[in-house]
Amino acid sequence: MTLIDLPVIGRAPETRRITGLPAQNPAGAAGLPPPHAVAVRLDIGPERIDGRLSGDPAAGWCFTAATGYLPERVVQRLADPAIAVAVMPEIDRRALRHLRVGPLRLAVASVDAGAGVIRLTAAICGPVADRLPRPAEPLPAMLDGRSLNRRRLPALVTAIGPYEAVAEITGPAALLIPGTMMTLTVTRPWAAPFRLRGRIVAAEMRGDDAGVRIVLRMAGAAPVDRAAILAACTAPGFGIHALWTYGLKPRGLMRHLRVVPVAGAADMTTVYRLRRDANQFYGRRPDAHDPEAWADPLDACSILFLGLLGDKPIATARLVVNGGDRSRSELQALAPVPEQFWQDGFVEVSRLVVHPDFRGNRIRYDMFREVERLALGLGVRYLLFDAIPKLAPLYEAVGGRRLPLTKKHQDSDEIEQVMYVDMRAILGRVNRFSAVWLAGFGGTLGRHLAIAGRGPTDVILGPDRRSPAAAVIRGMGRLLAWPGG
């Protein structure tokens with residue numbers, strides 16, 4: 001007899017029993033958090049207890065002893081409000097020891113000795129978020145860690161400093177256990193992803209679908225440098241001098257500086273704001289708060305560009321192209337330009353300003369590299385500009401020479417030195433200064449030759465275009481323009 005030949009005994013089950021549980025209202029079903037607990041070691045003074053730490057949106061963080069109960073001596077110590085309680089996740093213990101990071105201290109909320117349960121509270125995020133610099137807009141990121149078991153959670157970084165970051169995490173709060181190591185990978189369009197490795201030191205669990213807010217404290221020198229660079233490149237008001245107050249000089253910060261041409265009315269407003277902020281920092285025109293008040297008639301016949309450090313505009317300058325028209329020369333109106341410059345052709349560099357948060361970091365040097373790149377493209381021999389006395393040595397380091405002329409600053413009573421750069425002398429001669437210039441600008445020359453050919457530099461060099469010195473300078477520029485140069 002086969003199975004299908006067996007007689008059916010009894011009656012068929014009722015339909016309601018087959019269909020299972022009655023349907024619930026989807027709007028009222030919040031769902032259960034995923035079962036997630038991390039094996040930890042709890043330090044209670046000199047006592048150490050093994051167990052598991054889990055999260056509960058209604059009750060905070062629950063430590064459950066592996067033995068199922070708490071010894072009497074531990075209960076007595078927990079009764080002392082001055083006792084220190086700290087947690088060390090087992091999964092990250094080796095990494096934390098390598099980084100010389102100790103257990104994370106937590107506060108005791110309540111104790112159930114019979115069940116072996118200690119309810120703990122972590123630090124709150126609000127005070128940390130209030131004192132950290134905030135990016136102009138939240139930074140998209142992903143959070144992952146060994147305790148997440150290959151899960152990756154979307155995040156938004158809302159505040160960041162060199163040592164800590166505050167992030168809003170989309171995902172169950174029960175997965176984010178205080179004390180565990182996490183990696184916050186922040187993406188920006190102007191750089192490779194920033195991998196910030198640290199430990200969760202504070203968490204705010206929420207009962208709704210808003211997720212959880214955490215504070216990640218950086219672990220190690222490399223994450224601190226990356227977080228410092230990210231803060232300097234995204235948070236308004238946090239610049240070079242703020243980093244110096246932390247005692248930090250992160251390497252690679254200036255790699256994120258790029259110079260772009262001004263395009264559109266929004267960029268022009270940014271230019272005017274930079275002019276206003278930089279000049280008013282030195283007490284010039286303190287009542288001119290409207291950015292439009294810092295516009296200039298010569299902007300219409302100028303090439304303007306911005307220096308962007310990450311997301312932040314930090315510098316601007318312009319190259320006034322006069323085309324032989326003396327009415328388009330600011331210097332001609334204030335300090336007559338020698339006739340030789342009009343005969344051979346020149347452009348004026350003016351309104352070069354750096355935001356006060358980033359002054360004193362050789363950003364003018366990087367901006368001047370763009371000036372010389374534009375001069376090579378225009379095929380002009382001379383660059384004319386003015387400089388306050390304390391900045392004259394900086395421009396002499398990039399080939400500047402002083403003219404026996406001075407002028408009054410356009411926005412104050414300061415006296416400025418008129419200077420010039422002779423591009424023919426730089427490109428057509430080999431001397432001690434050539435090595436210094438090639439170290440800073442050789443790559444710019446080489447890339448210009450690869451893009452535009454020899455034509456513009458031949459115009460600059462004139463009768464010296466076929467000289468051996470010019471060939472050496474061009475050859476070194478091509479060599480320095482290689483990927484390794």
Side-chain angles (χ1 to χ4, degrees), residues 31-128 143-149 151 153 164 167 169 171-182 198-207 211-217 219:
L32 296 174
H36 186 74
V38 174
V40 299
R41 186 196 72 206
L42 195 66
D43 295 347
I44 306 171
E47 304 290 341
R48 293 184 176 182
I49 305 175
D50 293 329
R52 300 198 308 164
L53 187 64
S54 59
D56 183 355
W61 308 101
C62 295
F63 171 81
T64 304
T67 58
Y69 68 94
L70 297 177
E72 183 62 28
R73 64 181 185 280
V74 172
V75 176
Q76 293 176 357
R77 291 189 180 277
L78 289 172
D80 183 2
I83 196 68
V85 176
V87 63
M88 170 68 77
E90 294 293 339
I91 193 170
D92 297 318
R93 183 173 59 178
R94 182 175 298 179
L96 291 170
R97 284 183 176 177
H98 176 73
L99 295 168
R100 297 181 180 179
V101 177
L104 177 67
R105 287 196 174 192
L106 300 176
V108 177
S110 63
V111 178
D112 186 346
V117 174
I118 305 174
R119 301 195 183 279
L120 304 168
T121 57
I124 59 175
C125 304
V128 179
L143 186 76
D144 64 89
R146 295 186 65 192
S147 64
L148 294 180
N149 196 7
R151 298 181 181 94
L153 304 178
E164 294 165 323
I169 312 299
L175 297 177
L176 303 171
I177 305 298
T180 54
M181 294 287 291
M182 295 287 167
R199 180 172 66 168
I200 297 177
V201 296
E204 290 180 354
M205 305 175 65
R206 303 179 181 179
V212 60
R213 182 162 68 160
I214 66 168
V215 173
L216 192 74
R217 182 167 295 161

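Note that the numbering runs from 1 along the sequence shown for the chain.
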Heavy-atom closest contact ([X] atom, [Y] atom, distance):
X: Arg119; Y: Cys62; value: NH1-SG, 2.5 Å
X: Ala122; Y: Pro178; value: CB-CG, 3.9 Å
X: Ala174; Y: His36; value: O-CD2, 3.4 Å
X: Val75; Y: Ala113; value: CG2-CB, 3.6 Å

Give the C-alpha distance, both sets of side-chain angles, the deciding distance and a yes or no for side-chain contact (heavy atoms from CB on, under 4.5 Å) between Arg97 and Arg94. CA-CA 5 Å; Arg97 284 183 176 177; Arg94 182 175 298 179; 5.9 Å; no
Kindly compute the distance separating [atom1] ([X]) from [atom2] ([Y]), expressed to the nearest 0.5 Å.
X: Arg77; Y: Glu47; atom1: CZ; atom2: CD; answer: 5.0 Å
X: Ile118; Y: Ile44; atom1: CD1; atom2: CD1; answer: 4.0 Å
X: Leu78; Y: Leu42; atom1: CG; atom2: CG; answer: 8.0 Å
X: Met182; Y: Leu216; atom1: CE; atom2: CG; answer: 8.5 Å
X: Leu53; Y: Glu90; atom1: CG; atom2: CD; answer: 12.0 Å
X: Leu96; Y: Arg199; atom1: CG; atom2: CZ; answer: 6.0 Å

Out of Leu176, Ile177, Val38, Thr180, which one pairs with Leu148 under the side chain to side chain contact (heavy atoms under 4.5 Å, CB included) rule?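 The side chain to side chain contact (heavy atoms under 4.5 Å, CB included) with Leu148 is passed solely by Leu176 among Leu176, Ile177, Val38, Thr180.
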Measuring only between side-chain heavy atoms, which start at C-beta, is [X] closer than 4.5 Å to [Y]?
X: Pro103; Y: Arg41; value: yes
X: Leu120; Y: Val108; value: yes
X: Ile49; Y: Phe63; value: yes
X: Ile214; Y: Leu143; value: yes

Should we count CZ of Arg146 as having more than 12 external heavy atoms under 6.0 Å?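 No - once you tally the heavy atoms of other residues, nucleotides and ligands closer than 6.0 Å, there are 12 at most.
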What's the verdict on side-chain contact (heavy atoms from CB on, under 4.5 Å) for Leu99 and Met181, showing C-alpha distance, side-chain angles and the deciding distance? CA-CA 11 Å; Leu99 295 168; Met181 294 287 291; 3.7 Å; yes
Would Trp61 and Val87 count as a side-chain contact (heavy atoms from CB on, under 4.5 Å) here? Give the steps. CA-CA 11 Å; Trp61 308 101; Val87 63; over 6 Å; no
Counting distance only, does the side-chain N/O of Glu204 pair as donor-acceptor with the main-chain N or O of Cys125 below 3.5 Å?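 Side chain of Glu204 to backbone of Cys125: a pair is present.
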Begin from the C-alpha positions of Ile169 and Leu175 and carry the test side-chain contact (heavy atoms from CB on, under 4.5 Å) through to its verdict. CA-CA 10 Å; Ile169 312 299; Leu175 297 177; over 6 Å; no
